[in-house]
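The structure appears below as structure tokens.
Just so we're on the same page: letters track the sequence lines, and every chain starts at 1. Because only heavy atoms are used, hydrogens play no part in the values below, and waters and symmetry mates are left out as well, while side chains stay in. Keep in mind that this is a model prediction, so the values were computed, not measured.
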Amino acid sequence: MPDLTLTASPPLDGYHKQFGDTALTEIGDQALVSIAVPLGGADALDSAMTGAYGTTFPAPGSTALSKDGSVRFLGLQPDQCFALFELAGNDPVEAIANVLGDTGYYTDQSDSWAMLRLSGPLAVSALERICPLGLAPAAFPQGSVARTAMEHLGVIILCENEDSYVLMSARSSAPSFLHAVETSVENVS
Amino acid sequence: MIINHPLLGPRDAAEFVYLGDASLIDRPDWQSDTAADDFYEYQYLRDNPAGETRELWFHEQGDRSWLVVTRNTLTHEITKVELARDVALAAGRDR
Amino acid sequence: MSQPYRIVGGLVGRENLVSFRFNGKRFQGYRGDTLAAALIANGQRLVGRSFKYHRPRGIFSAGSEEPNAMVQLRHGAHLEPNTRATVTELYNGLEATSQNHRGSLEFDLMAVNDLLSPFLSAGFYYKTFMWPKSFWEKVYEPAIRASAGLGRLSGEEDPDSYDKGFLHCDVLVIGSGPAGLAAALAAGRAGARVILADEDFLLGGRLNAETLAVEDMSGAGWAAQTAQELAGLPNVRMMPRTTVYGAYDHGIYGALERRTDHLATSAGKPRQVLWRIYSKRAILCAGATERPIAFGNNDRPGVMLAGSVRAYVNRWGATPGRRVAVFTSNDDGWRTAQDLSAKGIEITAVIDSRDKPALASVPGAAIVMGGRVIDVAGRKGVTAIKLAKGQTIETDCLAVSGGWNPNVHLTCHQRSFPKWRDDIAAFIPGDEMPVGLTVAGAANGALSLGAALIQGTEAGHIAATDTGHTATSITPPWAEDEPRDTAAFWHVGESKARAWLDLQNDVTVKDVRQAGEEGFRSVEHLKRYTTLGMATDQGKTANVGALAIMAEATGKSIPETGTTIFRPPYTPVAIGAFAGRSRGKAFRPTRLTPSHKWAEEQKAVFVDAGMWLRAQWFPRAGETHWRQSVDREVLQTRASVGVCDVTTLGKIDVQGRDAAEFLNRVYANGFAKLPVGKVRYGLMLREDGMAMDDGTTARLSETHFVMTTTTANAVGVFRHMEFCRQCLWPGMDVHLISVTEQWAQIAVAGPNSRALLQKIVDDSHDLSNEAFPFMACGEVTLCGGVPGRLFRISFSGELAYEVAVPARYGDALMRALMKAGEAYDVVAYGTEALGVMRVEKGHAAGNELIGQTTARDLGMGRMVSKKKDSIGSILSERDALNREDGLALVGFVPVDRSEGLNSGAHFVSPGKEVTTENDEGWMTSVAFSPSLGHSIGLGFIKRGASRIGETVIAADPVRDRKVEVEIVSPHFIDPEGERLRA
Amino acid sequence: MKYSGWKVLRQALGGNKGWEPVWRDPAPKPAYDIIVVGGGGHGLATAYYLAKEYGLTNVAVLEKSWLASGNAGRNTTIIRSNYLLPGNEPFYELSMKLWENLEQDFNYNAMVSQRGVVNLYHSDPQRDAFARRGNAMHMAGADAVLLDEQGIRELCPFLDFDNARFPVKGGLWQPRGGTARHDAVAWGYARGADQRGVDLIQNCEVTGFQVKNGRCIGVETARGPIAAKKVAVCVAGSSGRVMAQAGLRLPIESHVLQAFVSEGLKPIIPGVVTFGAGHFYISQSDKGGLVFGGDIDGYNTYAQRGNLPVVEDVCESGMALMPMIGRARLLRMWGGVMDMSMDGSPFIDKTSVDGLYFNGGWCYGGFKATPASGWCYAHLLAKDEPHPVATELRLDRFKRGHMIDEKGAGAQPNLH
């Protein structure tokens, strides 16, 4: 079927918009793989992760970076984290499974989420309008991650630094989520 | 309300979904001779105390943990929050 | 234009002249005025009409407690009824009109009510208007409704936007008077994260209304300087124009910030922001509210609270009168006389109810100690007052002070009761308070300035320490403790004329007494019977006085009689603010399927399915009725091949060593032995035995399953399974994660579905019936290597598949299928055709899975395995769920095949009356079957399975229809299932 | 004293000085034939009908606080009989018929106002469910009209038809539904019962039951023990803690329902409107306040107050449905404790203790049921058998599997 090729389309068509010095940008081409810890297998997984990535399974709320900086692990549940890395090829699960083997259960989540980066001076005040979590550095320092709800949507929020946040929300409702974030920035600018 | 999640710290109760009395963990033995009565009581009857109660909340917009929250139904004061899984294991539930 | 009542001084910006209109008339004021201050400066005394008697009313107070001066602000869709002029910041172009009158404000036709007042006594309406019965809705009630109410809504959509937000702090300070500023300063200097909120646009509270000094500067000056220091602290957030309206559990406070109400237009930005403030500690510094004294005609325009009169003079440089009398029961009232006198305003008299020596001499004023005002002359504005001893004093304003009530409102929001303090004759915060809340200053009964500063400082210090901060200096600013002696004095017994307690709702002393005589003696009965305190001011100036009257009438003390508590909000909050952005199309998010863009291009008609928007059908040129499109989609699918985006079904990835056993427990039917590479239909029960959800689950490996749920139940099923996993069987190795969003899933159905898929699925996969039979599943690649999953399952009854790809390829997959399918005349079908085909096939769906039906009702009773433990199996055995005459799902066809059927019709046997007793069940789903050429239906009917061939009546009285229907098998198409196995 | 327009006139001319107390303030007697525990709407109605219909007047109503201090005094005042299931609908239709004659019956204007109740639908499945319900109503002798979008446009032109996330497609309208002045309902029953000799005893909390040989023979109260041949509990939100004193566990949880009222406004909303795509129902009182509510907070509580998420949810739904109310201000919010049952339907039944009767599980729908609840409870107490329209409202129905689950939500009270 030479004439039938499947082309990927990003959830938000590669959105980018500047609001003065504040930018809202879709982050594309990311792989996201959930890693679940088999019952009784925490130590095995930890040691596999240590061997492969030089870091251990992150506690909920925290993130861990592989020693080469290519994979960020987001601690989301007591027995589940997400691995976030550049998407290459069509099988992100394989990329993790090849390294960690059967020490974990893996599920592809790359297409489940739309990702936005909100960065700049208005980021925190814009998030104040939708995010119930306190983002003061003492409460939510760089590298923190949390799952919460904003404007009736489940959202994963990751702090890159005091002025820059990655926001992930479900792909199907990504336009609604984008509208919510856009409105927030507009309302405070 | 704010629920002080044992792993995540204080979170607005709006992130959680309420189920009911923590006795719902104690699902009866289906093979018992009194299973019909046991399941009826398990499913339908409640202490409904005016005072301290233990109840199940699910952190739906969060880490997906089921929690057992000890809360006073007169004052709403929360005195203890545990992972329901730990409570279930401690109560001897297994598989 | 000349502002005749404007005097020197005050904190208004004289350089900024502001023009506005009241009832169409043009006036001028200054920046920094409230509407009330500007009206006073212009000598406008009559501003509104009361609720019941339509009495002329003027401005009564200078704050949010205002019962009288309610106006309609702005116009058109921006019309804002019941707006208190006393807290409305003046802006250029402001337009206000008075409300609750028929005819003009000056000549209100409804004022006839005042003449009828003897007939309109407390609760009169409970005793009459009962005859004749039909007159209530037709005559009496419309008349009552029309004369009640206050302002008017425009009836148009609110054109402004609103926003919400979340703030976190160590210490929330509520109110920025002396105590609040001192508290914020102490906590802020210690490094605590402080939010200081005040309803006023100018911080300082009463400091701005008084002539008292703090340290060596004016009170207002100290407030300004302190506000400036606080604004410079990075850990302090200043929130003027912000009302903390409610205290909720665990240190959460609701606050409303008015962002653009002081501007002519909101310019596209949110008008107000509703904040949810999470605090570790809160300090209530809300001050106190002055209360009036009840005496004859004390509601006349020009009778005002004494502290408010002083506020207009001191803060706004506007005097409510030129010849002002003061009637007080306490020392504080004298300050009004002294402050006004110092500004050159004539004080005609100071009447003090107490029998004691005069506190001071006021030039030119008659001082009457032990005096009483018994009546007020001047219908539309005070002209004179009459004293008990017979004097009449000409005056144009009467400043009244009956003492001050601490603003304990927020302390009561969690239903704790305030307690009585005799020395100030007022309620102070009770012993049980919202956790984390302390009270300082006048709100705590510390009514003098010096005490407020000390309490505020201490409270701020303690809150900072409690939240882990170390204070540097805790010396409170110094101020004098001014005299505050107060006598409890509630009403003038000598008054013959009606004496008002609740000005807005027109509740008089007599009404309260009558309520007492009729047995409505509990405070709550009193409020409900007389409507006392139920008006927009929640009785801020009325309740304590009424309580005192009731206490007197029943011979009890005030605390014995009861207390009054307050409910949120502290002051009324626009409903729009509580809604924030969640309105219109943004009320709730919209979920779009991966093929949405493509479907839009096809001009699909969309339908809401929960949060999802799905293609309902795809009209083609020439089709004028939806049925034509749907019939075509069904027929073409059954004849050749159709495709439908079914991504909305919930999908749950289930992994673990115990995944199979786990599914065996959550499904009623067996799953333990499902082979890898196979799919099985599963029925899930609630623990009470009712059908909860159904779907298919595929086994991808020994430890890996993927489950589908119905669209509607996806979230609930996931939650339920997490409950089972964490709470019931924590020893199982099983892990759940939603993959609903991950996979775009498209159904490909019809005799040519295999042929079509063979063009899409890479050649390496054998799709023959032998290699990939009915209920097979597997991982495949498509269109040259894109990973996918293929399931041979059928909802339509045809040879059918569902193919899934990562969602980013969903749009492309739909386009590829349509392109590859051109050879087969492929058709895209929507939810409507999907529904028709599932009714034709007899599958249960949303209208059958309604939480009231069992597996047995659905005809799947035998699927419920009794050989294993599964959720719902025990309770599904209860007698009433297994009755011989229980419901069963069967099919129905109209005896006259040309007739249509209606969902929701109830079945009765022929010849029986259509009554509850004869009710045998109901029609759940209907469709016109283009395949059969007539209407068909599914429904539950008693003993259905044994009644095939019987005729019953489908009665539909709500649509005035009765249709004779024959009971048939629910499987209208291919009952043997040959097509789907082909 | 009989109330009438004439009486109001005469009293007015006499300076309103001749009004008598609406009820006596009697001290409790040592014993009664029947003690009704709970002086709310249902308890007072029960006492009224015991006296009026069965001539049983040696009756006391014991109220721990002031009469109608619970949900009777805190609700959104809606009356309707738009139920689906045969266990419910005939009961609520009886209630509606009693409402229709109530004021003349007890000589008190409770402002029963049949301005209609409309439940909106937004989808085909919802329409189908409403058709099923409307038909069930007709079959029980009630009135119901299934309206399409045009019909709703005519009835409620102020709704958002054009920019709605979930457009209104139609509604099920009960013209005979409406509102009543909640406090007055309780007062009317109280006055009627008192006039017939029933003792209404306020500030008299029941602290325990006297049970001898499996039979309840009286109660302990804050004002001493009182003997009774029959004790009829009728305490709504307090059901759990009161019945616990008799050692009974109930299929009931206590939850809080918040309600809201706006500032007074000129008439703009004619009847009762309920949203079908969110939690919101609204009417406008005769005084002009918009009276509205939504869902329960969802957690067990005996505290008569709620929290912000539900407040916001209700107002969001309100604005989605009728954005013209945006500039109306919410004046008061309050919470009442609801006796939420396991299937969302009530109980009027004997208990396992002889002589002890129970009426409860009204969830958030108790107000409209007041007349029929009193009527049927009085019937049960007087005749020791259930009234024909209340035969399904039994405590043992879950054991038998005979749920009356209007919503199909299952054994989770906060979902009903």
Contacting region of [X] [heavy-atom separation from chain C under 4.5 Å]:
X	answer
A:L135	neither
A:Q80	side chain
A:V188	neither
A:D91	neither
A:F177	neither
A:A174	neither
A:S169	neither
A:D102	neither

For the interface with chain C, which of [options] has the highest count of heavy-atom pairs at distances below 4.5 Å?
options	value
A:S173, A:A139, A:P132, A:P10	A:P132
A:A36, A:C131, A:G41	A:C131
A:S172, A:P38, A:A170, A:S176	A:S172

Relative to chain A, which segment of [X] carries a heavy atom at a distance below 4.5 Å: side chain, backbone, both, or neither?
X	value
C:W743	neither
C:R259	side chain
C:M732	backbone
C:P594	neither
C:K585	neither
C:L274	neither
C:R193	side chain

Sub-4.5 Å side-chain heavy-atom contact between C:V803 and C:I760: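 No, too far: nothing below the 4.5 Å cut-off.
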
Any carboxylate oxygen within less than 4.0 angstrom of a Lys/Arg side-chain nitrogen, looking at [X] and [Y]?
X	Y	value
C:K651	C:E741	no
A:K17	A:E186	yes
C:D170	C:K280	yes
C:R614	C:D645	no
C:R271	C:E257	no
A:E182	A:R129	no

Check: C:R725 side chain, C:V734 main-chain N or O, donor-acceptor pair, under 3.5 Å: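 Yes, the answer is positive, given that a donor and an acceptor are paired below the 3.5 Å cut-off.
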
C:R808 backbone acceptor or donor facing A:D111 side chain under 3.5 Å: yes

Pairwise distance CH2(C:W598) to OG1(C:T593) - rounded to 0.5 angstrom: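 Reported value, rounded in 0.5 Å steps: 9.5 Å.
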
C:W729 and C:F662 aromatic ring geometry - parallel, tilted or perpendicular at 30°/60° bounds: perpendicular

Please identify, among [options], the residue contributing the most non-hydrogen atom pairs under 4.5 Å to chain A.
options	value
C:R581, C:H704, C:Q655	C:R581
C:A807, C:G268, C:G785	C:A807
C:S738, C:G656, C:G731	C:G656
C:C169, C:P270, C:G810, C:G784	C:P270

